[in-house]
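Worksheet: the structure to be examined is printed underneath.
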Amino acid sequence: MIDPWGSAIVDYEKLIEQFGIKPFADFVEEIDSPHLLMKRGIIFGQRDYGRIAKAIREEKDFAVVSGMMPSGKMHIGHKMIVDQLKWYQEKGADIYIPIADMEAYSARGIDFETSRELAISEYITNYIALGLDFEKENIQTYLQSKNQIVIDLAYILSKKVNFNEMRAIYGFSGSTNFAHMYAPLIQVADILHPQMGECGGPKPTVVPVGPDQDPHIRLTRDIAERFKGQFKFISPSSTYHRFITGLTGDKMSSSKPKTAIFLSDSPKTAQKKVMSAKTGGRESLDEQRELGGVPEECVVYEILLYHLADSDKELSTLYHDCKSGNIMCGECKKNVASMMKNFFEEFEEKRKRAKGIAKTILDREPKC
Ligand code: SF4
């Protein structure tokens, strides 16, 4: 069982085998200018992505839903979601960003006002600073607790879901409170509501997630089938991206500060953190010259792969220099740390500018 509120999954192959997620690689050739995360295999899996690729190719309507739960500080791993949303925005998708204040309340005990403030000061601010354009027509973000279409739809959908099913998917027990049990249904409604009549009707919808969120996707797809007759839902598609490894070699997590580079870190702190990251280097310089490093096990290399290297060619040169022992970790880390510092210097400025706009976003009435 995958626990979307807790587990860290690293065995991607097993996930593909056990849960029927299909590889993403086939679509890389099919899509015009695929995102770097797609080309580099970081987005590794999908369900029913064919209908999204077709909608992009034929310039038809489609939606992307990507929720955020305001429960802590954002780290650079979260940047991956924003990068994908930017790409989809350029491809003409309708972008929906639900803020899961109801889930934060039920699963984490965070009150609604705190959720709202955190969503503005941390999440929306970072989303804007990372380049997502909230001034465009095709994007909206909303608090779950303020979106009546979502709340009403969740209630309707809950008619065809029972406790045994929720227990089997999420491991709920007799002591789980009702709000917690109901939270996944609000998420299901978040994903399906862009297909409601008042939101433009049925359309392909994709949800980019980490594999730990797959239980929600499977539940949503099952429920979409059950209500096909009533709402003509098209079963939502999904993509799955790898988690970025934390600085210590474990999963990067906001609740374990030693593992994470936070988007609110100063440029100097971010630089220092890269210098402290686990590498795939050998015990001694002589050994490294002789055997080469192991970039596949190197957090510094991963940071470049996921975030800092725009050029595949430069990345490939570093990979081969590392493998052949032509570059040592000290020098390599210094370069990457300096790139990270530059990124954060620019980003710090963008965050300052984004704060004013971020405050106004949730005052806008959600169109849908
Ligand atoms: Fe990682 Fe660079 Fe060392 Fe290779 S040389 S293991 S890429 S830090």
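Just so it is clear, the values below take in all heavy atoms, side chains as well, and ignore hydrogens, waters and symmetry mates. Start at 1 with the first residue, then count along the sequence. Whatever order the structure lists ligands and atoms in, that order sets their numbers, starting from 1. Nothing here was measured: the structure is a model prediction, and the numbers come from that model.
Less than 4.0 angstrom separates some heavy atom of Gly281 from each of these atoms of ligand 1: 6 (S). Interface of Gly280 with ligand 1, defined as ligand atoms under 4.0 Å from a residue heavy atom, comprises 6 (S). With ligand atoms numbered from 1 in the order given, ligand 1 contributes 2 (Fe), 5 (S), 7 (S), 8 (S) to contacts under 4.0 Å with heavy atoms of Cys332.
Donor-acceptor pairing under 3.5 Å is lacking for the side chains of Asp363 and Thr360.
With Val207 as the fixed residue, the side chain to side chain contact (heavy atoms under 4.5 Å, CB included) test singles out one of Val64, Asp190, Ile217, Thr220: Ile217. None of Ile99, Ile120, Asp101 except one satisfies the side chain to side chain contact (heavy atoms under 4.5 Å, CB included) rule with Ser115; the exception is Asp101.
When hydrogens are left out, the protein atom nearest atom 3 (Fe) of ligand 1 is Cys329 SG, 2.3 Å; that is the closest non-hydrogen contact.
The proximity of Cys298 to ligand 1, defined as any non-hydrogen pair under 4.0 Å, is limited to the side chain.
Atom 4 (Fe) of ligand 1 lies under 2.8 Å from an N, O or S atom belonging to Cys322.
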Working for ring pair (Phe, Tyr, Trp, His ring centres under 6.0 Å), residues His241 and Phe44: CA-CA 6 Å; His241 52 258; Phe44 70 92; 8.5 Å; no
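Thr141 contributes a side-chain N or O that, together with a main-chain N or O of Ile97, makes up a donor-acceptor pair within less than 3.5 Å.
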